[in-house]
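Note that these values count all heavy atoms, side chains included, but never hydrogens, waters or copies made by symmetry. In listed order, ligands and their atoms are each counted from 1.
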Amino acid sequence: MGDRLPIAADPATASHEPVLLNQVLDGLAVKPGAWLIDGTAGGGGHTEALLACSAPNGRLLGIDADPAAIRRISVRLADALAAQRLVLHQSEFAQLEAVAAAYAFAPVDGVLLDLGVSSFQLQTPDRGFSFSQQGPLDMRFDPEQSPSAAEVVNEWPERELAELFFHCGEEPQSRRIARYLVQHRPFATTTALAEAIENAVGGRRGARLHPATRVFQALRILVNQELQQIEAVLPQALRLLRPGGRLAVISFHSLEDRIVKRWMAEEARTYVADPTHRYGGYERQPTLRILTRKPVMAEGDELNRNPRSRSAKLRVAEKLPFNLV
Ligand SMILES: C[S@@+](CC[C@H](N)C(=O)[O-])C[C@H]1O[C@@H](n2cnc3c(N)ncnc32)[C@H](O)[C@@H]1O
C-alpha cells in the first residue's frame, strides 16, 4: 500500500483522521474524472481525499444520516460544492440507489462505506454515544428517527434487552446486566447507564474494556438498525458500480465485518452447471472479484496516532463484467 497523502501527526487533530486513508485510496484506485459515492461522509476526511484524487473533474456524492455531519462537510468542502464536484445528501445509506437516482449519479467508479460512529459524534456529549462523557441517552445518527437509546433501555422487557446485549454486543453477562438495568431504571444519561452496568457486573476488575462498551455498542446498533442497513446497502452499491468499479468497506466490529465478508464471498462465487443434478443444475456467474483476501488493517504509526484504527478492517472488491465465465 502506498504512502501518498501526508497524514497529520498532531495528536490534537488525530481524532478526526480518516482511518486507513491510503489503503482506501489504493483499494478504490481512484482516477481523475472518477464518479464516486461516499455513503458515510462523516467528518469529510475520506471525501476530501477522494475529491483530490479524482481532480480536476471527478464528482462525489456524499451521504450521511447525520444532519450535523452534512452541515459540517458543507462548510469544510464549500469549494468542491461550489464547483459542483460534490453533492451532499442527508439520508441513511440503505436508500443509496434512490438517492443516486435522484441526482442521476450512476454508474459510479467507486463506493466507500466507513461504518459506524464518527469521532465528532463520539466527542459530542449531547449525542449520547460515549459513556465517558455525560449526555442524554440518545445514540441516533439521525435525531429525527426513533427510538432513542433511552426508549430502549427504559421500556424494553428484560428478556429482549438481554438478547440485544448478547446478539449485538456479544456481551457474556447480558442477562445479569439486563436484570440489573430493569430493576434500577429509568436512566436518563450515558454516565448513569455506564455506572449501572459497572455495578451490575461487580466493577471493572482490571478489565481492558470498560464494562459498558458492549452494551453501548448493542444499543447503538439497534437504535440505528446498523446491521440491517449494511445488508441493504451492499447489493445496491454493487448495482450502482460500473463493471471494473470498486467497493471499499471499513468495519469496526465482527458483526459488521461478518456481513461484508460473507456477502463478498457469495458474490465472488461461481456456481458451475452440474449436468448430473436432478434438475440439470444451474449456472451463476460471479459478480465480484475480491481484492483483499484478508482484511486490510492499520499498521505502524497509524495505530499509535489513531486509536480508532485499531479495530478497523477494510475489504475491497471489484465489480466484474457479466460475461466473465
Ligand atoms: C466512521 S464515520 C465516517 C468518517 C468519514 N469517513 C471521515 O473520513 O470523516 C461514519 C459516519 O457514517 C454515518 N452513518 C453510519 N451509518 C449510516 C447509515 N446507515 N446511513 C448513513 N450514514 C451512516 C455516521 O453518521 C457517521 O457520520
Task: Short side-chain donor-acceptor distance under 3.5 Å, Gln173 and Arg176 - done: yes
Task: ligand 1 atoms in contact with Gln229 (distance to a heavy atom under 4.0 Å) - done: 18 (C), 19 (N), 20 (N)
Open item on the list: One residue to check: Gln121. Relative to ligand 1, which of side chain, backbone, both or neither has a non-hydrogen atom less than 4.0 Å away?
Closed with: side chain
Task: Glu92-ligand 1 polar pair, N/O distance under 3.5 Å - done: no
Task: Validation row: Ile259, Glu231 side chains within 4.5 angstrom (heavy atoms) - done: yes
TODO: First locate atom CG of Asp138, then atom OG1 of Thr124, and finally report the distance between them rounded to the nearest 0.5 Å.
DONE: 11.5 Å
Open item on the list: Against Asp66, only a single residue in Arg127, Arg71, Arg72, Gln90 fulfils side chain to side chain donor-acceptor pair (under 3.5 Å); can you say which?
Closed with: Arg127
Open item on the list: I'd like to know whether ligand 1 has Glu226 as a neighbour, heavy-atom separation below 4.0 Å.
Closed with: no
Task: ligand 1-proximal atoms of Thr47, by part, heavy-atom distance under 4.0 Å - done: neither
TODO: Please identify which atoms of ligand 1 are closer than 4.0 Å to at least one heavy atom of Gly116.
DONE: 10 (C), 11 (C), 12 (O), 15 (C), 24 (C), 26 (C)
Open item on the list: Evaluate Phe252 for polar contact with ligand 1, using N/O atom pairs at a separation under 3.5 Å.
Closed with: no
Open item on the list: As an exercise, identify every atom of ligand 1 less than 4.0 angstrom from a heavy atom of Phe93.
Closed with: 16 (N), 17 (C), 18 (C), 19 (N), 20 (N), 21 (C)
Open item on the list: Side chains of Ser254 and Glu170: any donor to acceptor distance under 3.5 Å?
Closed with: yes
Open item on the list: For atom 6 (N) of ligand 1, which of the options Asp142, Ile73, Leu122, Asp114 provides the nearest non-hydrogen atom?
Closed with: Asp114
Open item on the list: How about OH on Tyr180, more than 12 heavy atoms from neighbouring residues, nucleotides or ligands closer than 6.0 Å, or not?
Closed with: yes
TODO: Check each heavy atom of His46 against ligand 1 and say whether those closer than 4.0 Å belong to the side chain, the backbone, both or neither.
DONE: both
TODO: Mind checking whether Gln90 contacts ligand 1 via backbone (N, CA, C, O), side chain (CB onward), both or neither, at a 4.0 Å heavy-atom cut-off?
DONE: neither
Task: Per-residue contact class, Phe141 against ligand 1 - non-hydrogen pairs under 4.0 Å - done: side chain
- [ ] State whether a side-chain donor-acceptor pair under 3.5 Å links Gln228 with Gln225.
- [x] yes
- [ ] For atom 23 (C) of ligand 1, state which one of Ala65, Ser91, Ser119 supplies the nearest heavy atom.
- [x] Ala65
TODO: May I ask you to check whether Gly44 has an N/O atom sitting below 3.5 Å from an N/O atom of ligand 1?
DONE: yes
Task: Within-shell test, Asn224 vs ligand 1, heavy atom, strictly < 4.0 Å - done: no
Task: Whether Ala94 lies under 4.0 Å from ligand 1, heavy atom - done: no
TODO: Give the C-alpha distance, both sets of side-chain angles, the deciding distance and a yes or no for salt bridge (charged side-chain N to carboxylate O under 4.0 Å, His left out) between Arg85 and Asp79.
DONE: CA-CA 9 Å; Arg85 292 193 54 215; Asp79 288 352; over 6 Å; no
Open item on the list: Do Arg59 and Val87 make a side-chain contact, defined as non-hydrogen atoms from C-beta onward lying under 4.5 Å apart?
Closed with: yes
TODO: Could you say whether the N/O atoms of Ala69 and ligand 1 ever approach to under 3.5 Å?
DONE: no
Task: Rounded distance [0.5 Å steps], CG in Leu112 versus NE2 in His46 - done: 6.0 Å
TODO: Examine the proximity of ligand 1 to Leu115 and report which part, side chain or backbone, both or neither, has a heavy atom under 4.0 Å away.
DONE: backbone
- [ ] For residues Phe129 and Phe141, establish whether the separation of their ring centroids is below 6.0 Å.
- [x] yes
Task: Donor on one side chain, acceptor on other, Asp38 and Thr47, under 3.5 Å - done: yes
Task: Which of the ligand 1 atoms, numbered from 1, are nearer than 4.0 Å to a heavy atom of Asp66 - done: 25 (O)
TODO: Provide the number and element of each atom of ligand 1 under 4.0 Å from a heavy atom of Arg308.
DONE: 1 (C)
TODO: Run the numbers for me: atoms of ligand 1, each under 4.0 Å from some heavy atom of Gly45, listed by number.
DONE: 7 (C), 8 (O), 9 (O)
Open item on the list: Any non-hydrogen side-chain atom of Arg214 less than 4.5 Å from a side-chain atom of Leu209?
Closed with: yes
